[in-house]
Amino acid sequence: MNLVNKVTIDKGFVEADIPPSTNLVEEINNLRDEKNAVILAHYYQESEVQDIADFVGDSLDLSRKAESTSADIIIFAGVHFMAETAKILSPEKKVIIPDLNAGCSLAESCPPDQFEQFLDKYPDHIVVSYVNTSARIKALTDIVITSTNAFAIINSLPKDQKIVFAPDRNLGNYINNLTGREMVIWDGACHVHEEFSLERILELKKEYSNAKIIAHPECEKPVRIVADHVGSTSSLLKFTQEDESRAYIVATEPGILHQMKLASPDKQFIAAPPKDSTCACNDCKFMKLISLEKIYNSLKYEQPEVVMEKELINKAVGSIKKMLEISGRLGL
Ligand code: 13P
Ligand code: SF4
């Protein structure tokens, strides 16, 4: 598609020449003011992207910000399901994701048609889905959860309530273990969090014997078992601020280390290593597609926009609002 001369979004992001003398941070700030835009960034973004954001947070806080902002334009520095959630909660706003290719392997592991067929087998179950899903999955869902509120929301449901949980098998098993429930779990996973090597984490622990291991619940059970603390990105960050240790081995996407270091400059943070020592597989390749250049171009040309059919928004919004309502009620 041609936007103006020599500018296209054929590859899923704006391709436009930026003069080498451009001060990207200054220009982004000017455009943001001029257009009444807000930049929301997830903790897994590159440090320089987090630094220019109006708000940096986990997926729960980002969805709250998207719902409450008075900005006309939301630039979502995160992955597609997060920008889609922002659009569902604020359909009247222009929501822009700087690169449409920023997907999520976990969301992709739950194709809507297959999930719909799967649900036919469990007619007396309610459906609880992680926010890391497409809008079509949210439309089939009763309550959306994030890793911050998953335990509390599921625990607040009647004990005999039958539940289908999708799509992350690790988070689902973690909650089953904590609550003693037997939720039926969709067999999906995140390629980043399944990549951590227990052996290499334990080797690191020998080297840094005083370091605490902290892990996201999307990690596999052996990693969760050796962790001193398991929690969402915001929970891991909070733990490092409140805990007395001086060092941490962090088993989640390493983008979060930026906020940990800012909050506790005197502490040491070590990214947990992947099974494959030859690659940086614990970087979420989707999150890392967003750059300052793409943010600048997307703000300048107001593309690529997240466009959704009204009907799908109307079908998906109820399950997200239900999450925000229960989270508010539980003080989360
Ligand atoms: P949070 O809910 O902790 O922000 O996690 C989102 C995510 O994508 C984890 O991989
Ligand atoms: Fe999706 Fe995993 Fe990336 Fe999170 S880290 S956005 S779950 S692929």
Side-chain angles (χ1 to χ4, degrees), residues 40-46 49-50 53 55-66 76-86 97-110 128-134 137-138 144-154 166-172 174-175 186-196 214-220 223-224 227 229-240 250-260 271-272 274 279-290 320 323-324 327 332:
L40 304 182
H42 190 267
Y43 285 133
Y44 295 163
Q45 290 291 296
E46 299 283 8
V49 170
Q50 295 187 35
F55 180 78
V56 184
D58 71 356
S59 44
L60 176 62
D61 285 334
L62 289 170
S63 64
R64 285 187 175 128
K65 284 284 170 201
F76 213 111
V79 291
H80 192 266
F81 75 80
M82 294 178 178
E84 206 174 51
T85 303
I97 181 157
D99 189 336
L100 277 172
N101 302 299
C104 167
S105 61
L106 177 54
E108 270 163 36
S109 71
C110 193
V128 176
S129 298
Y130 199 17
V131 70
N132 300 41
T133 48
S134 65
I137 298 291
K138 291 186 175 82
V144 166
I145 50 94
T146 73
S147 43
T148 292
N149 57 26
F151 169 75
I153 289 185
I154 289 165
D168 190 64
R169 58 179 173 240
N170 295 314
L171 179 61
Y174 174 66
I175 294 167
W186 179 263
D187 193 21
C190 154
H191 74 291
V192 173
H193 286 89
E194 288 221 318
E195 201 40 54
F196 291 110
I214 57 175
H216 197 278
E218 286 172 27
C219 293
E220 290 174 323
V223 173
R224 295 197 312 266
H229 178 70
V230 176
S232 63
T233 46
S234 54
S235 162
L236 298 182
L237 175 60
K238 192 160 173 261
F239 182 79
T240 61
V250 185
T252 191
E253 213 276 354
I256 186 70
L257 266 60
H258 181 56
Q259 294 300 325
M260 289 178 172
C279 75
C281 347
N282 294 340
D283 273 329
C284 175
K285 61 179 181 186
F286 303 111
M287 286 279 181
K288 274 18 189 205
L289 285 175
I290 310 296
I320 307 173
M323 165 183 82
L324 295 175
S327 291
L332 300 167

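Just follow the structure's listing: the first ligand is 1, and inside any ligand the first atom is 1.
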Closest protein heavy atom to atom 2 (O) of ligand 1, given as residue, atom name and distance to 0.1 Å: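 For atom 2 (O) of ligand 1, the nearest protein heavy atom is S59 OG, 2.6 Å.
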
Which residue and heavy atom of the protein sit nearest atom 6 (C) of ligand 1, plus the separation: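 Atom 6 (C) of ligand 1 sits closest to the protein heavy atom H42 NE2, 3.7 Å.
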
Compare every heavy atom of [Y] with every heavy atom of [X], then report the nearest pair and how far apart it is.
X    : Y    : value
I290 : E46  : O-CG, 4.1 Å
V192 : N282 : CG1-O, 3.2 Å
Y174 : P217 : CD2-CB, 3.7 Å
S59  : V131 : OG-CG1, 3.7 Å
G78  : A102 : O-CB, 3.7 Å

Atom 1 (Fe) of ligand 2 - number of protein N/O/S atoms closer than 2.8 Å: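 For atom 1 (Fe) of ligand 2, the figure is 1.
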
Should you measure from each heavy atom of [X], which atoms of ligand 1 turn up under 4.0 Å away?
X    : result
T233 : 1 (P), 3 (O), 4 (O)
H216 : 1 (P), 3 (O), 5 (O), 9 (C)
N132 : 7 (C), 8 (O)
S232 : 3 (O)
H193 : 10 (O)
E218 : 7 (C), 9 (C), 10 (O)
D58  : 4 (O)

Whether M82 lies under 4.0 Å from ligand 2, heavy atom: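 Distance cut 4.0 Å: M82 fails for ligand 2.
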
Is [X] close enough to touch ligand 1? Criterion: a residue heavy atom under 4.0 Å from a ligand atom.
X    : result
M287 : no
T148 : no
E253 : no
C190 : no
Y43  : no

Donor-acceptor pair between T252 and Y44 side chains, under 3.5 angstrom: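 Present: a donor and an acceptor within the cut-off.
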
Exam field: side chain [X] to backbone [Y], donor-acceptor pair closer than 3.5 Å:
X    : Y    : value
S109 : L106 : yes
Q50  : G255 : yes
T233 : Y43  : no
N170 : E194 : no
E253 : C284 : yes

Parallel, tilted or perpendicular: ring planes of F239 versus H229, cut at 30 and 60 degrees: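 Aromatic pair F239/H229 classed parallel.
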
Contact atoms of ligand 2, heavy-atom distance to E218 under 4.0 Å: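 Listed by number with element: 7 (S).
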
Residue list, salt bridge (charged side-chain N to carboxylate O under 4.0 Å, His left out) with D61, at least two apart or on another chain: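 Residues passing salt bridge (charged side-chain N to carboxylate O under 4.0 Å, His left out) with D61: R64.
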
CD1 on I153 to OG1 on T146, rounded to 0.5 Å: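 The OG1 atom of T146 sits 7.0 Å away from the CD1 atom of I153.
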
